[in-house]
**Student:** 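Below you will find the structure I want to go over with you.
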Amino acid sequence: MLKLIPVPAFADNYLWVLHDGKRALVVDPGDATPVLAFLKANALELESILVTHHHADHTGGVDELRDTTGARVYGPATEKIPSPYEHLKEGDKVTAMGLEFNVIDVPGHTAGHIAYYTPEVNGRPLLFCGDTLFSGGCGRLFEGTPAQMLASLDKLTALPPNTGVCCTHEYTLGNLRFALAVEPGNTELVAYNAECVKLRDAGQPTLPTSIEQELKINPFLRTRQAPVKTAALHFDASAHDDISVFAAIRQWKNQFK
Ligand code: ZN
Ligand code: FE
């Protein structure tokens, strides 16, 4: 049995740790300190560090963790990650903690962003998607186009519905506030929001989510659904095709208060 723990860092980051009681891997360690404390408290040896993209809140702890533990570092081939690390692109495979991870290119938030997918951890697939997909939202388009991000999200929604989705930020409640503005009549969304409010009130993470759950409530995965298309037209009257609907929803979210 492996354990999957979201180690909190900064204001709202999760540094995901997967461990078997002896060895561990960490995804996107923006800060070494909470990871080292977690490893020490649980007497774990860090085996691997998986990085999804170059932003500092995902890479800031890589050098210190590599230097103090000797862990192997994996990251996107085309982005600037603290070296040395193994350069990965779509189709590559990584073996870590005895699991095989498939690398998926998901440009949009950053140009070279990658995600890691493994088909079975404790009975279900698992996805580490960095800042590409959040519960109820998606990453901002800092280096990519709406068309790229939509294509990246389409790759993720093609994964099995029960895939556990490990997002790197606790943005869920803010995202759902926007989602409810887009689709006030979505009863699944209303129920999910109530559930997430309860979790946050109890100091619990709302993650991991699942592909199945996100397809029901995430407006960025629902841009081909009638209610989302209609809402997008109110924001941008020229939003008539898949990409312009997605772009309108993204733009609307950027300025949503
Ligand atoms: Zn980022
Ligand atoms: Fe981030």
**Student:** So do the side chains of W252 and P219 get within less than 4.5 Å of each other, counting heavy atoms only?
**Tutor:** no

**Student:** Passes side chain to side chain contact (heavy atoms under 4.5 Å, CB included), R222 versus L215? Steps please.
**Tutor:** CA-CA 7 Å; R222 297 175 55 77; L215 283 169; 6.0 Å; no

**Student:** For R66 and G61, indicate whether the former's side chain and the latter's backbone hold a donor-acceptor pair under 3.5 Å.
**Tutor:** no

**Student:** Decide salt bridge (charged side-chain N to carboxylate O under 4.0 Å, His left out) for D92 and K89; before the verdict, give the C-alpha distance in whole Å, the side-chain angles of both, and the deciding distance to 0.1 Å.
**Tutor:** CA-CA 6 Å; D92 287 342; K89 56 179 183 335; 3.6 Å; yes

**Student:** Is there a path of hydrophobic side-chain contacts, each under 4.5 Å between heavy atoms, that joins M97 and V103?
**Tutor:**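 Both belong to a single hydrophobic cluster.
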
**Student:** Who passes ring pair (Phe, Tyr, Trp, His ring centres under 6.0 Å) against H54, sequence neighbours left out?
**Tutor:**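 Testing H54 for ring pair (Phe, Tyr, Trp, His ring centres under 6.0 Å), a comparison that skips the adjacent residues, returns none.
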
**Student:** Please answer whether the main-chain N or O of S135 pairs with a side-chain N or O of N218 as donor and acceptor at a distance below 3.5 Å.
**Tutor:**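 Checked: no pair found.
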
**Student:** Might you point out which heavy atoms bring C129 and C167 nearest each other, and give the distance in Å?
**Tutor:**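 Residues C129 and C167, closest heavy atoms: SG-CA, 4.1 Å.
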
**Student:** How far apart are the C-alpha atoms of S244 and D236, what are their side-chain angles, what is the distance that settles it, and do they pass the side chain to side chain contact (heavy atoms under 4.5 Å, CB included) test?
**Tutor:** CA-CA 9 Å; S244 58; D236 175 355; 5.7 Å; no

**Student:** Side chain to side chain contact (heavy atoms under 4.5 Å, CB included) between N102 and T118: does it pass, once the steps are laid out?
**Tutor:** CA-CA 6 Å; N102 298 314; T118 189; over 6 Å; no

**Student:** Under 4.5 Å between side-chain heavy atoms, counting indirect links through other Ile/Leu/Val/Met/Phe/Trp/Tyr residues: same cluster for F256 and L141 or not?
**Tutor:** yes

**Student:** Please find the pair of heavy atoms, one from F178 and one from I249, that lie closest to each other, and give the distance.
**Tutor:** CZ-O, 3.6 Å

**Student:** Kindly say whether T206 contributes a backbone atom to a donor-acceptor pair with the side chain of E170 at under 3.5 angstrom?
**Tutor:** yes

**Student:** So, for L15 and P29, which heavy atoms are closest and what is the spacing to 0.1 Å?
**Tutor:**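 The answer is CD2-CA, 4.1 Å.
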
**Student:** State, to 0.1 Å, how close A239 and A248 come at their nearest heavy-atom pair, and which atoms those are.
**Tutor:** CB-CB, 4.0 Å

**Student:** In this structure, would L39 and I5 fall into the same cluster of hydrophobic residues linked by side-chain contacts under 4.5 Å?
**Tutor:**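 Result: yes, single cluster for both.
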
**Student:** Is any side-chain heavy atom of L180 less than 4.5 Å from a side-chain heavy atom of L189?
**Tutor:** yes

**Student:** May I ask you to test the M149-C138 pair for a side-chain heavy-atom distance under 4.5 Å?
**Tutor:**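 M149 reaches C138 side chain to side chain.
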
**Student:** According to a 4.5 Å side-chain heavy-atom criterion applied to Ile, Leu, Val, Met, Phe, Trp and Tyr, with indirect links allowed, do V62 and V7 form part of one hydrophobic cluster?
**Tutor:** yes

**Student:** A side-chain contact here means heavy atoms from C-beta on lying under 4.5 Å apart; do F246 and L153 qualify?
**Tutor:** yes

**Student:** For residues W16 and V26, determine if any side-chain heavy atom of one lies less than 4.5 Å from a side-chain heavy atom of the other.
**Tutor:** no

**Student:** Hydrophobic clusters here meaning ILVMFWY residues chained together by side-chain heavy-atom distances under 4.5 Å, can you tell me if V182 and L233 are in one?
**Tutor:** no

**Student:** Output all residues satisfying side chain to side chain donor-acceptor pair (under 3.5 Å) with Y171, sequence neighbours left out; order by chain, then residue number.
**Tutor:**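 Applying side chain to side chain donor-acceptor pair (under 3.5 Å) to Y171 gives H169.
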
**Student:** Would you confirm whether Q225, through its side chain, and V228, through its main-chain N or O, come within 3.5 Å as a donor-acceptor pair?
**Tutor:** no

**Student:** Taking atom types as modelled, find out whether H58 and D131 have a side-chain donor-acceptor pair closer than 3.5 angstrom.
**Tutor:** yes

**Student:** Mark yes or no for whether E143, through its side chain, and A111, through its backbone, hold a donor-acceptor pair below 3.5 Å.
**Tutor:**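 Side chain of E143 to backbone of A111, a donor-acceptor pair under 3.5 Å: yes, one is there.
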
**Student:** Distance from L127 atom CG to Y117 atom OH, nearest 0.5 Å?
**Tutor:** 8.5 Å

**Student:** Whether the side chain of T145 engages the backbone of Q148 through a donor-acceptor N/O pair (distance < 3.5 Å, no angle test) should be reported.
**Tutor:**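 Yes, T145 side chain to Q148 backbone: donor-acceptor pair under 3.5 Å.
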
**Student:** Would you say that L4 contacts L126 through its side chain, given a criterion of any heavy-atom pair below 4.5 Å between the two side chains?
**Tutor:**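 A side-chain contact exists here, since the closest heavy-atom pair is under 4.5 Å.
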
**Student:** Look up atom OG1 in T187 and atom CD1 in I217, then write down how far apart they are to the nearest 0.5 Å.
**Tutor:**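 One finds 12.5 Å between OG1 of T187 and CD1 of I217.
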
**Student:** Of the non-hydrogen atoms in Y192 and T209, which two are nearest, and what is the gap between them?
**Tutor:**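 Y192 and T209 have their closest heavy atoms at OH-OG1, 3.8 Å.
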
**Student:** Would you check if there is a donor-acceptor pair between the side chains of T95 and E100 at a distance under 3.5 Å?
**Tutor:** no

**Student:** What residues, two or more places apart in sequence or in another chain, satisfy salt bridge (charged side-chain N to carboxylate O under 4.0 Å, His left out) together with R250?
**Tutor:** none

**Student:** Looking at CD1 of I114 and OG of S152, how far apart are the two atoms once the value is rounded to the nearest 0.5 Å?
**Tutor:**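 One gets 12.0 Å once the value is rounded to the nearest 0.5 Å.
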
**Student:** Between P76 and T52, is any pair of side-chain heavy atoms under 4.5 Å apart?
**Tutor:** no

**Student:** Using every non-hydrogen atom in the two residues, find where D242 and L150 come nearest and quote the distance to one decimal.
**Tutor:** O-CD2, 3.9 Å

**Student:** Please lay out, stage by stage, how E90 and K155 fare under the test side chain to side chain contact (heavy atoms under 4.5 Å, CB included).
**Tutor:** CA-CA 11 Å; E90 180 145 310; K155 287 185 194 174; 2.9 Å; yes

**Student:** Please check if any side-chain donor atom of N175 sits under 3.5 Å from a side-chain acceptor atom of T172, or the reverse.
**Tutor:**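 On atom types as modelled, these side chains do not qualify, holding no pair under 3.5 Å.
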
**Student:** Could you name each residue pair satisfying salt bridge (charged side-chain N to carboxylate O under 4.0 Å, His left out) that touches residues 44-58, not counting sequence neighbours?
**Tutor:**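 Sorted result for residues 44-58: R23-E47.
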
**Student:** Using ring pair (Phe, Tyr, Trp, His ring centres under 6.0 Å) as the criterion, list what pairs up with Y85, not counting sequence neighbours.
**Tutor:**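 Testing Y85 for ring pair (Phe, Tyr, Trp, His ring centres under 6.0 Å), a comparison that skips the adjacent residues, returns H87.
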
**Student:** Calculate, to the nearest 0.5 Å, the distance between atoms CE and CG belonging to M1 and D20 respectively.
**Tutor:** 12.5 Å

**Student:** Rounded to the nearest 0.5 Å, how far apart are CZ of F101 and CZ of F128?
**Tutor:**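 So the CZ of F101 and the CZ of F128 are separated by 5.5 Å.
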
**Student:** Could you check if a side-chain atom of D28 sits within less than 4.5 angstrom of a side-chain atom of Y14, using non-hydrogen atoms only?
**Tutor:** no

**Student:** List the residues meeting ring pair (Phe, Tyr, Trp, His ring centres under 6.0 Å) with F142, not counting sequence neighbours, and say none if there are none.
**Tutor:** H55, H109

**Student:** Could you give the distance from CG (L159) to CG (N162), rounded to the nearest 0.5 Å?
**Tutor:**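 If we round to the nearest 0.5 Å, L159:CG and N162:CG are 10.5 Å apart.
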
